[in-house]
Amino acid sequence: QVHLVESGGGLVQAGGSLRLSCAASGGVFSNYAMGWFRQAPGKEREFVAAISWSGGHTTYVDSVKGRFTIARDNGKNTMTLQMNSLKPEDTAVYYCAATKMLSPVASLNDYDYWGPGTQVSVSS
């Protein structure tokens, strides 16, 4: 059983930056690929970014490419999402998730463990 907790959310103006963190416990962190998802009010949860077990492979949704960077530190059991040039449409609850697959995957259904989420709000 892997326990995930996100942190780093908050309110920021458009064009600003935030860095989200995901702390993992209860399992061997490097046994899992990891992902970030987000859910805006009234919308379905959507994929944002994912990273392989080693950190060597990443994938992003088109809308955040060039603005967001996913990374992980297997020695510290943490994953981060650096978000730059934030836009109001990035406003959502952001979730980290772990999958037993070793490669980065974008399908919500492939993930086995989820954190409770952290709110990111971007004002215009």
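As the structure is a prediction and not an experimental result, all values here were calculated from the model.
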Trainee: So, Y94 side chain and G8 main chain: donor-acceptor pair closer than 3.5 Å or not?
Mentor: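 No, Y94 side chain to G8 backbone: no donor-acceptor pair under 3.5 Å.
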
Trainee: State the OG1-NZ distance between T58 and K65, to the nearest 0.5 angstrom.
Mentor: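 Answer for the OG1-NZ pair, T58 versus K65, is 9.5 Å.
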
Trainee: For residues R67 and S85, report the shortest heavy-atom separation together with the two atoms involved.
Mentor: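 Heavy atoms of R67 and S85 come nearest at NH1-O, 2.9 Å.
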
Trainee: Can you check whether V120's main-chain N or O pairs, donor with acceptor, with R38's side chain at less than 3.5 Å?
Mentor: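 Such a contact is absent between R38 side chain and V120 backbone.
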
Trainee: Can you see which heavy atom on P88 is nearest to which on A14, and at what distance?
Mentor: CD-CB, 4.1 Å

Trainee: For S52 and P104, work out which heavy atoms get closest and say how close.
Mentor: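 That would be CB-CD, 3.6 Å.
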
Trainee: Answer whether the closest heavy-atom distance between the side chains of E46 and V61 falls below 4.5 Å.
Mentor: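 Result no, sub-4.5 Å side-chain heavy-atom pair not found.
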
Trainee: If I compare all heavy atoms of V105 with all of D110, which pair ends up nearest, and what's the gap?
Mentor: CG2-CB, 3.9 Å

Trainee: Distance check, rounded to the nearest 0.5 Å: Y60 atom OH versus L81 atom CG?
Mentor: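 Going from OH on Y60 over to CG on L81, the span is 7.5 Å.
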
Trainee: Is there a donor in the side chain of Q82 and an acceptor in the side chain of T80, or the other way round, less than 3.5 Å apart?
Mentor: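 T80 and Q82 do not have a side-chain donor-acceptor pair below 3.5 Å.
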
Trainee: State, with a plain yes or no, whether a side-chain heavy atom of F68 is found less than 4.5 Å away from one of L20.
Mentor: no

Trainee: How long is the straight-line distance from CD1 of I70 back to NE2 of H57, given to the nearest 0.5 Å?
Mentor: 13.5 Å

Trainee: Search all heavy atoms of M79 against all heavy atoms of C96 and return the closest pair with its distance.
Mentor: CE-CB, 3.5 Å

Trainee: Say you draw a straight line from CD of Q13 to OG of S124; how long is it, rounded to the nearest 0.5 Å?
Mentor: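 The distance works out to 9.5 Å.
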
Trainee: As a quick check of understanding, evaluate side-chain contact (heavy atoms from CB on, under 4.5 Å) for D112 and V2, giving each step before the final call.
Mentor: CA-CA 9 Å; D112 303 287; V2 176; over 6 Å; no

Trainee: Between the side chain of R45 and the main-chain N/O of V93, is any donor-acceptor distance below 3.5 Å?
Mentor: no

Trainee: Classify the angle between the aromatic ring planes of Y111 and F37 as parallel (below 30°), tilted (30 to 60°) or perpendicular (above 60°).
Mentor: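 If you compare the ring of Y111 with that of F37, the planes turn out perpendicular.
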
Trainee: Could you state the interatomic distance from CZ (R19) to CE (M83), rounded to the nearest 0.5 Å?
Mentor: 11.0 Å

Trainee: Is Y95 reachable from F29 through a run of I, L, V, M, F, W or Y residues, each pair having side-chain heavy atoms under 4.5 Å apart?
Mentor: yes

Trainee: Between the main-chain N or O of S30 and the side-chain N or O of N74, is there a donor-acceptor pair closer than 3.5 Å?
Mentor: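 Side chain of N74 to backbone of S30, a donor-acceptor pair under 3.5 Å: no, none is there.
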
Trainee: What is the distance from atom CG of L18 to atom CG of N84, rounded to the nearest 0.5 Å?
Mentor: 9.5 Å

Trainee: Under 4.5 Å between side-chain heavy atoms, counting indirect links through other Ile/Leu/Val/Met/Phe/Trp/Tyr residues: same cluster for Y113 and W53 or not?
Mentor: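 No; W53 is not reachable from Y113 via cluster members.
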
Trainee: Any side-chain heavy-atom pair from T91 and Q119 closer than 4.5 angstrom?
Mentor: yes

Trainee: If only atom types and distance count, is the side chain of E6 paired as donor or acceptor with the main-chain N or O of T118 below 3.5 Å?
Mentor: no

Trainee: Using 4.0 Å as the upper bound for N to carboxylate O, is an ion pair formed by D90 and K87?
Mentor: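 No, K87 and D90 are not salt-bridged.
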
Trainee: So, do L4 and C22 sit near enough that their side-chain heavy atoms are less than 4.5 Å apart?
Mentor: yes

